[in-house]
**Q** 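Shown below is the structure under consideration.
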Amino acid sequence: MSEVDLLPNIKRLPTQLANQIAAGEVIERPASVIKELIENALDAQASRVDIELVNGGMEGITVSDDGHGIHAKELSLAISRHATSKIDSVEDLLNLHSLGFRGEALASICSVSEWEIISRPQAQEQAAKITYLMPDKIMDINHAQGTRISIKQLFCNTPARRKFLRAERTEYRHCEDVIKRMALARFDVAFYLKHNDRQTLKLQAVSDDTGRSRRVAQICGENFIKQSIVIDYPHSSMRLWGWLSQPEYSRQSTDLQYFYINGRIIRDRVINHAIRLAYQHLLPPGRHAAYVLHLEIDPAVVDVNVHPTKYEARFRESRIIHDFISRSIRDAIHQTSPDTYKFNQQNVHNGVYINQGTQTHQHKSIAEQQAFYQQTTQSKFGDILTIVDDCFALTQQQQRLFLIDLKAAAAKWVSTQLFTGLKTKQIKSLPLLIPQRLTLTKQQAANFSRHNAELTRLGFELSLTEDESLLVRKVPSLTQCYESTSLIMNLLMLSPVTNISAENLNAVLFDLIPDYTMLDLNIMLTAIESSNQQSTDEFAACWREITTADLGNWLGE
Ligand code: ADP
Ligand code: MG
C-alpha cells in the first residue's frame, strides 16, 4: 500500500452531526435552552412568556409566548442551521437590535432533543405544528397567536452530554436563574414559571417605577431594594439606570450583580472593573456590591458577536464607557452620605434617589443632570475627553487642555507606589487564580537567585521548580494592569549586579504597555497633580498643557 492510501478521507459531516457539534457550544444544560427560547420570544415582541419544566428541565421544557409567530411555510426553515429572520447582511451585525442573530439556536436544540413546535402568526387562521418525528410535515392545529416550543429528553442522542447534567434541584436552579436574569432585562414582559406542575415564579408585566422596584424586590430580595440607590444617568449618547447597593449593604459573593447592555446580560471585565472601582475602599475586604444596572448605548459602538453565547461584548471606546459607569456610580454613592438618607425632594440630585420602598422617582431635568455631571471633576486636569493613540489622555479643565502620557505616568506611578510600599512594608499581593509557569533562559534562572529576595519584598511570590521553570503564585496588586509573565521575564533580564531600584523598575514597566482598562486614571491624575504641587517634579515629564501655539502648530497655521 502506498503512503497516500493510508491518509484518512475527508468527508462532509452529516447535517445532524454538524448541528450536534454546534450545539456543544451553546447548549450546555436545560438553562441554556431556556435562555435561547426566551430570547426568541422577546425578539418576537412577546408580552408574556410561560415556561414549564419537568424534572429541572431535563425531561421537559416548554416555552410559550404571545409573540408574532412563525409562518407555517417557514417552520422547517427556522430549525435549520444559519436560518434567521434577524439579519440580512454583515452591516446589520454592526447595528443589532435583536437578541438573536446567529440562526443556530433552534437547529442546535432540535438536534439534541425530541421536540415539537407550534406557531401561529396573527394573520394565519390555523396554527401549524412540526415535530422531530417528521420535521418537514406541517400539521394544522388549534392554538392562540404566538409560538410554543416543547423539548423532551434533552441530550437523548448525546449521552456524553447528558452525563454532565446535575441533580434536578441544581438544574432547576440554573433555569430559574436564567429566567430571573431575563426578567430583570424586560420589565414590560410577564414571566410565569412552573416546575413539575407547580407555579414557582409569577412576574407580572410592569410599566412604572413602583412596579419595576417591586419586580427587583421579588428577584433580588426586599433587603436589597430597601438598601439600594436608584440611579438614572443620561450622558450624551448613553444612559445608565438601575439599582445599586449602598455601601452599607454588601454580599459575600457576586450573586446579585446584573449588568445589561441594551437589554442583553453581559459579563465584561471592563465593566466589572469600573463598578469595583466605584466601590473601592467602601466595602469591607472580601465583600461584594449588588446591582441591577442597564446601560443603553448606540448598538453600533458595541459588538456582541464575540462568543456564541453572546455573554461577552467588545466596545469601540471601552475607556469612555468604563469611566462613565465608574463615575456615575461613584457620584451616586457619594450623594447618599448618611445625612441624606431620607428621601425628600432636596435629596434627589442628578438622577439619584435613595430607594424607599415604593416612592415615586423624582428626577431633575436631563439638562440639569448633564450640567452637574460635567462639573464634578475638580482636579487640575479635569475630565478625560478621550484617549489618543491608546497612549495619551486628552483632558480638559475649563479652558485648559492637557495631554498626559499614560504609559509614562503608569510606569512612574506604579514604580513609585511600589517603592513607597517597600519602605513602609505595605505592598499588597494578589494571588493568581492559577499559578503561572514560566520557562527561563539560563541567564534569567541565574538572575532569579540574585533578585528573588527583592522580588519577594516587592510582592511577588515565585519559586523555581525542579525542571528549572518558574512558578508565579502572587504578583503585587499594583501591577495588575501589567501582564505578569512579561513583567517577571523583563525583571529577570536586569543585570544581576544591579539591584532592583525605582529607576530600573520604572524602565521595565515603561517598556511594557499596561492594560489601561485596569488602571484608575482618576487616581493616577490625582497622584500626578499632588506630586506636582509638592514640586517634587516626579511626574513632570508625564504631562504637558496644550497651548494655543501647540494647537496652531498641529493645525499647520
Ligand atoms: P436566531 O434567533 O439567531 O435568529 P434561532 O435558531 O433562535 O436563530 O431562530 C431561528 C428563527 O426562527 C428566528 O430568526 C425567528 O425568525 C424564528 N423564531 C424562533 N423562535 C421564535 C419565536 N418564539 N417567535 C417567533 N419566531 C421565532
Ligand atoms: Mg435565537
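Model, not experiment: these values are computed from the prediction. Just so you know, ligand 1 is whichever comes first in the structure, and atom 1 is the first atom listed for that ligand.
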**Q** As a check for students: among Asn40, Leu37, Asp43, Ile79, identify the option with a heavy atom nearest to atom 20 (N) of ligand 1.
**A** Asn40
**Q** Just jot down the side-chain hydrogen bond (donor to acceptor under 3.5 Å, both in side chains) partners of Arg173, sequence neighbours excluded, or say none.
**A** none
**Q** Check whether any N, O or S atom of Thr84 sits under 2.8 Å from the Mg ion (ligand 2).
**A**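 Checking the Mg ion (ligand 2) against Thr84, no N, O or S atom falls under 2.8 Å.
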**Q** Below 6.0 angstrom between ring centroids: does that apply to Trp241 and Tyr291?
**A**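 When the ring centroids of Trp241 and Tyr291 are compared, they turn out to be at least 6.0 Å apart.
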**Q** For Ala78, counting its heavy atoms only, list the atoms of ligand 1 lying under 4.0 Å from any of them.
**A** 10 (C), 12 (O)
**Q** Could you please spell out the steps behind the side-chain hydrogen bond (donor to acceptor under 3.5 Å, both in side chains) verdict for Glu176 and Tyr172?
**A** CA-CA 6 Å; Glu176 201 185 57; Tyr172 171 74; 2.8 Å; yes
**Q** Counting heavy atoms only, which part of Leu99 comes closer than 4.0 Å to ligand 1: side chain, backbone, both or neither?
**A** neither
**Q** Using a 4.0 Å cutoff against the non-hydrogen atoms of Asp65, which atoms of ligand 1 qualify?
**A** 22 (C), 23 (N)
**Q** Could you tell me if the side chain of Trp115 sits less than 4.5 Å from the side chain of Ile130, heavy atoms only?
**A** yes
**Q** Who pairs with Thr131 by side-chain contact (heavy atoms from CB on, under 4.5 Å), at least two apart in sequence or on another chain?
**A** Glu116, Lys129, Leu133, Met139
**Q** Any N or O on Leu106 sitting closer than 3.5 Å to an N or O of ligand 1?
**A** yes
**Q** For ligand 1, is any non-hydrogen atom under 4.0 Å from Ala44's backbone (N, CA, C, O), its side chain (CB onward), both, or neither?
**A**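 The side chain, only.
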**Q** Can you sort out which atoms of ligand 1 are near Thr84, meaning under 4.0 Å from one of its heavy atoms?
**A**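 Once the distances to Thr84 are compared, the set is 1 (P), 4 (O), 14 (O).
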**Q** With heavy atoms of Glu104 as the reference, note each atom of ligand 1 found under 4.0 Å away.
**A** 6 (O), 8 (O)
**Q** One thing to verify: whether Arg181 and Asp177 come together as a salt bridge, which I'm taking to mean a side-chain N less than 4.0 angstrom from a carboxylate O.
**A** no
**Q** Enumerate the atoms of ligand 1 whose separation from the nearest heavy atom of Arg102 is less than 4.0 angstrom.
**A**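 Listed by number with element: 3 (O).
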**Q** So do the side chains of Tyr249 and Asn223 get within less than 4.5 Å of each other, counting heavy atoms only?
**A**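 Result yes, sub-4.5 Å side-chain heavy-atom pair found.
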**Q** Could you list which atoms of ligand 1 come closer than 4.0 Å to a heavy atom of Ala105?
**A**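 Listed by number with element: 6 (O), 7 (O).
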**Q** Under 4.0 Å from a heavy atom of Gly100: give me the atoms of ligand 1 that qualify, with their elements.
**A** 2 (O), 3 (O)
**Q** Pick one of side chain, backbone, both or neither for how His68 approaches ligand 1, counting any non-hydrogen atom pair under 4.0 Å.
**A** side chain
**Q** Between Asp208 and Arg212 (salt bridge meaning N to carboxylate O under 4.0 Å), is one present in this structure?
**A**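 Salt bridge flag = no for Arg212 with Asp208.
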**Q** Is there a heavy atom in Ala83 that sits closer than 4.0 Å to ligand 1?
**A**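 Heavy atoms of Ala83 do come under 4.0 Å of ligand 1.
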**Q** Any heavy-atom pair between the side chains of Tyr279 and Ser245 that's under 4.5 Å?
**A**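 Yes; the side chains approach each other to less than 4.5 Å.
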